[in-house]
Number of protein chains: 2
Amino acid sequence: MAATLSSLAKETGFSVNTVSRVLRGDKNISAKTTQLIKKAAEEMEYIPNYIAGSMRRKETKTIGVISADSSNPFFAEIILGIEETAKKQGYHILLMNTEENPENECAALKILQARQVDGLISMPVYNDEHVMALYEKFPHPYLFAGRKVLGLEKHAILFDDARTTHDLTQRFIKKGHRRILYITGPAMVSNTFDRLYGYVYACIKHNLPINRSYIIKSGGHIKDGYKAVDKALKKGLEFTAVICFNDLVAAGVLRALNEQKIRVPEKIEVAGCDNLDIAKYLTPALSTLEVPKHRLGEKAVLELIEHIKDKDRPYKTIYLKTRMMFRESTLND
Amino acid sequence: MAATLSSLAKETGFSVNTVSRVLRGDKNISAKTTQLIKKAAEEMEYIPNYIAGSMRRKETKTIGVISADSSNPFFAEIILGIEETAKKQGYHILLMNTEENPENECAALKILQARQVDGLISMPVYNDEHVMALYEKFPHPYLFAGRKVLGLEKHAILFDDARTTHDLTQRFIKKGHRRILYITGPAMVSNTFDRLYGYVYACIKHNLPINRSYIIKSGGHIKDGYKAVDKALKKGLEFTAVICFNDLVAAGVLRALNEQKIRVPEKIEVAGCDNLDIAKYLTPALSTLEVPKHRLGEKAVLELIEHIKDKDRPYKTIYLKTRMMFRESTLND
DNA sequence: TTGAAAGCGCTAACAT
DNA sequence: ATGTTAGCGCTTTCAA
């Protein structure tokens, strides 16, 4: 069957130990021995059993990744950043999706632990108590990417959601908008709360009454944006601007407005968030917040590895820079 | 530290073996013993070391997944299908991206082997000889999802690319189109060849001369579609229909035509492929081929598991059904 | 520079 | 119904 250290040892006449050390590039081996063993390894097509090594070394060089929905382009991009960076650092990833379901998240946490991941990068639900409890006693380093968990904010790498929505809302208000629709993201996700907070805060600051019917719940998908606006229009709601939880929602909004022949941005201004690839190719091109998704994944891995190397390294919240991209869906000066 | 079987054995006074069997739900254990041990396990927060078990059992319940680019919504959806189905079947996934680079694919293949995956689902490059050689001697069951490798077609689960593009092209020709632009996908990917073949075949069949300048190479991304049409327009190329390798390309095409105020579908008909979520929300809504992406992932896992269970199970190419969705970007009857 | 021995945590084969 | 023994393939002492 497959070659093992011991079959190589038998073949070459050296001990298992020596073979192991040669193949791991250990020093203190004669050049001749090294050459002999390497040649035999090649001939016998030796491939190390990483599992056995992991078990012995008590590290798997595996990073667990918990995502809400890896088919969402926003997460997909983050995960790609994670995977690429991990690979460069000699790690690999074990990916699990939760579909925003706390029970799935609990299960994932246990499985990743059983599979002995060295660390964890998660996009968690917000404040489910079971989930929180599991994170708190998770025995390996962990980081939250782009989302946070109540009480564990120090583990998070974030964008400043609240500030961003605040700034955008304020900008709209200053331009004279008085009826600004806000379409939220999925329940139980920290960004949904933070971004909504930014909107509300800006309204209050500028004495704009908060009208509940202008805050429309959504699951953060294209169809949600479409339905939200479609319904708002049918209800006869009047508004001159729409701020969307993300670009997917905004894409749906654009479509709904377009169907009703409502011109964007002349009649209604629309802004998204995330700057997905598609944003700039929509018609009109979407004004949105550029958030460094790939970079978030990369940063999360690099930071996590530091924590893996030094278990005493203190955690602290990290914020990544973002930048508004004003395109055609808003009126710009 | 973390509880192990032997620490549980010490605690309860039973042997390691008994503890192991209780926790795995083995029969032939007295109810009292079961209860005692389960309680102790809970109290000591025992989490099995899956790595150790894997090594002993010589199966990891892990499926390796090789994707070209998991941030591409098409692959992302397939991978989601893989992950969900695998989880249901007690498997988990190790995800690696190749960026369509054969060298990365070779490296991935070796790493997955070292990590002792039980099987592999891959979206491979087309016919790189090193890659092919590695698949041929890959010691575990493997399947190709949505793509194929020359000489290993039996391992593939596919959509009938050639036929689909053929039918679509033929449809356009029958409607009177004489200048049909075809925008290809990335080099080295089987679908690129097969879909192009369908286009060419339909042209030949209907005595439409193949004009090389109407076949435009692209990498399969939005910006490629945009650039392709932008360039074609600037070159003064005349055409009345565009068939795109996929929906991303088509989205770019739509945008480019829109910028030039060329009306779709009245002046130019456009069709994509894949039916991404976004397709139906573009303006105009994109006519495209619905391919069951999630289902492809699911089918690949279920089929792979059959091969894992029965190493002698013969491989055979599987085709999944697709369906054209005619929406606003084409003139329909 | 090399080898012998121990053992990571688990499961499987065989005993009792 | 439970325990004993062996060993998966590797790395890590420790000794020579």
Side-chain angles (χ1 to χ4, degrees), chain A residues 1-38 40-41 44-62 90 110-111 113-118 139-140, chain B residues 1-38 40-41 44-62 90 110-111 113-118 139-140:
Chain A
M1 279 296 299
T4 63
L5 285 189
S6 89
S7 69
L8 277 178
K10 208 160 281 170
E11 190 66 23
T12 59
F14 291 97
S15 72
V16 168
N17 184 325
T18 304
V19 176
S20 169
R21 276 158 52 221
V22 165
L23 296 178
R24 271 177 297 134
D26 197 303
K27 277 288 157 208
N28 295 51
I29 303 274
S30 78
K32 205 195 317 170
T33 306
T34 301
Q35 202 192 337
L36 237 53
I37 291 180
K38 283 202 170 161
M44 298 176 67
E45 298 182 338
Y46 173 74
I47 292 194
N49 183 329
Y50 206 93
I51 295 287
S54 290
M55 173 160 161
R56 186 60 240 250
R57 278 184 282 106
K58 294 187 164 292
E59 59 163 13
T60 55
K61 292 279 184 184
T62 302
K110 283 179 189 156
I111 288 167
Q113 215 172 314
R115 288 191 175 245
Q116 313 293 121
V117 296
D118 293 342
H140 306 284
Chain B
M1 280 294 300
T4 63
L5 285 189
S6 89
S7 69
L8 277 178
K10 207 161 280 168
E11 190 66 23
T12 58
F14 291 96
S15 73
V16 169
N17 185 324
T18 302
V19 176
S20 169
R21 275 157 52 218
V22 165
L23 296 178
R24 272 176 298 135
D26 198 301
K27 277 287 156 208
N28 296 49
I29 302 272
S30 78
K32 204 197 315 170
T33 306
T34 301
Q35 201 192 338
L36 237 52
I37 292 180
K38 283 203 168 158
M44 297 175 68
E45 298 183 340
Y46 173 75
I47 292 194
N49 183 329
Y50 206 92
I51 295 287
S54 290
M55 173 159 159
R56 185 60 240 246
R57 278 183 283 107
K58 294 190 163 290
E59 59 163 13
T60 55
K61 293 278 184 184
T62 302
K110 283 179 188 155
I111 288 166
Q113 215 173 314
R115 287 191 174 246
Q116 312 293 119
V117 295
D118 293 342
H140 307 285

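The analysis underlying the following values was restricted to heavy atoms, covering all of them including side chains, and did not include hydrogens, waters or symmetry mates. Proteins get letters first, then strands, A, B, ... in listed order; numbering begins at 1 in each.
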> Given atom CG of L5(A) and atom P of dG3(C), what is their separation to the nearest angstrom?
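Those two atoms, CG and P, are 13 Å apart.
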> Other residues, nucleotides and ligands only: do more than 12 of their heavy atoms fall within 6.0 Å of CD on E59(B)?
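Enclosed.
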> Could you pick out which residue, R57(A) or S15(B), lies toward the 5' side of DNA chain D when each is mapped onto its nearest nucleotide?
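First, find each residue's nearest nucleotide; the 5'-ward one identifies S15(B).
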> Just call it for R24(A): base, sugar-phosphate, or nothing, with non-hydrogen atoms closer than 4.0 Å on any strand.
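Base contact.
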> Between the side chain of T12(A) and the main-chain N/O of L8(A), is any donor-acceptor distance below 3.5 Å?
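Indeed, once roles are kept as given, a pair shorter than 3.5 Å links the two residues.
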> With the side chain of T18(A) defined as its heavy atoms from C-beta on, choose the nearest nucleotide among dG9(D), dG3(C), dA12(C).
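Nearest to the side chain of T18(A) among the choices is dG3(C).
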> So which nucleotide from dC8(C), dA13(C), dT2(D) ends up closest to the side chain of I29(B)?
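Ranking dC8(C), dA13(C), dT2(D) by closest atom to the I29(B) side chain puts dT2(D) first.
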> How long is the straight-line distance from OG1 of T34(A) back to NZ of K27(A), given to the nearest 0.5 Å?
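Answer rounded to 0.5 Å: 8.0 Å.
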> Please pick, from dC10(C), dT12(D), dT2(C), the nucleotide with the shortest atom-to-atom distance to any side-chain atom of R56(B).
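Nucleotide nearest to R56(B)'s side chain: dC10(C).
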> With a 4.0 Å limit, can you tell me whether K58(B) has a side-chain N or O closer than that to the phosphate oxygens OP1/OP2 of dG9(D)?
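Answer is yes, contact under 4.0 Å.
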> Identify which nucleotide among dT11(D), dT2(D), dG3(C) has an atom closest to any side-chain atom of T33(B), counting heavy atoms from C-beta outward.
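Side chain of T33(B) sits closest to dT2(D).
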> Is there, by distance only and without an angle test, a donor paired with an acceptor across the side chain of N17(B) and the base of dT5(D) below 3.5 Å?
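Under the 3.5 Å cut-off, the side chain and the base do not form any donor-acceptor pair.
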> Separation of K10(B) atom NZ from dG3(D) atom C1', in whole Å?
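So the two atoms are 16 Å apart, to the nearest Å.
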> Among the nucleotides dG3(D), dT2(C), dA1(D), which one has an atom lying closest to any side-chain atom of S30(B)?
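For S30(B), the side-chain atoms sit closest to dA1(D).
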> Separation of Q113(A) atom CD from dG9(C) atom P, in whole Å?
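Answer to the nearest Å: 15 Å.
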> Using a 4.0 Å heavy-atom cut-off across all strands, classify T4(A) as base, sugar-phosphate, or nothing.
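Result for T4(A) = sugar-phosphate.
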> What's the spacing between I47(B) CD1 and T4(B) OG1 if we round to 0.5 Å?
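These two atoms lie 13.0 Å from each other.
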> Rounding to a whole Å, what distance do you find between E59(A):CD and dC8(C):C1'?
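Taking CD of E59(A) and C1' of dC8(C), I get 13 Å after rounding.
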> Report yes or no: is there a donor-acceptor pair, N or O only, under 3.5 Å between the side chain of D26(A) and the base of dT1(C)?
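Looking at the base of dT1(C), it does not pair with any donor or acceptor on the side chain of D26(A) (distance under 3.5 Å).
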> Working to the nearest 0.5 angstrom, can you tell me the gap between T60(A) OG1 and H140(A) NE2?
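The NE2 atom of H140(A) is 7.5 Å from OG1 of T60(A), to the nearest 0.5 Å.
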> With sugar-phosphate meaning primed atoms plus P, OP1 and OP2, does S54(B) contact a base, only sugar-phosphate, or nothing at under 4.0 Å between heavy atoms?
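Nothing: the residue S54(B), judged by heavy atoms under 4.0 Å, touches no strand.
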> In whole angstrom, give the distance that lies between atom CD of Q116(A) and atom P of dG9(C).
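Taking CD of Q116(A) and P of dG9(C), I get 9 Å after rounding.
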> When rounded to the nearest 0.5 angstrom, what is the spacing between NZ in K58(A) and CD1 in I51(B)?
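Reported to 0.5 Å precision, the distance equals 11.0 Å.
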> Side-chain N or O of Y50(B) versus OP1/OP2 of dC8(C): is the shortest distance under 4.0 Å?
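Result: no.
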> Using OP1 and OP2 only, check whether a side-chain N or O of N28(A) sits under 4.0 Å from dT1(C).
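Result: yes.
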> Reckon F14(B) touches a base, only the sugar-phosphate, or nothing at all at heavy-atom distances under 4.0 Å?
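Sugar-phosphate: the residue F14(B), judged by heavy atoms under 4.0 Å, touches backbone atoms but no base.
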> Could you state the CZ-C1' distance from R21(A) to dT12(D), rounded to the nearest angstrom?
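In whole Å, dT12(D) C1' lies 11 Å from R21(A) CZ.
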> Would you indicate, yes or no, if dT11(C) has its OP1 or OP2 atom less than 4.0 angstrom from a side-chain nitrogen or oxygen of S20(B)?
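Yes, such a contact exists.
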> Is the distance from OP1 or OP2 of dC10(D) to the nearest side-chain N or O of Y46(A) less than 4.0 Å?
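It does, given that an N or O in the side chain of Y46(A) lies less than 4.0 Å from OP1 or OP2 of dC10(D).
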> Counting side-chain heavy atoms from CB outward, which of dC10(D), dC8(D), dT4(D) is closest to M55(B)?
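From the listed options, dC8(D) comes nearest.
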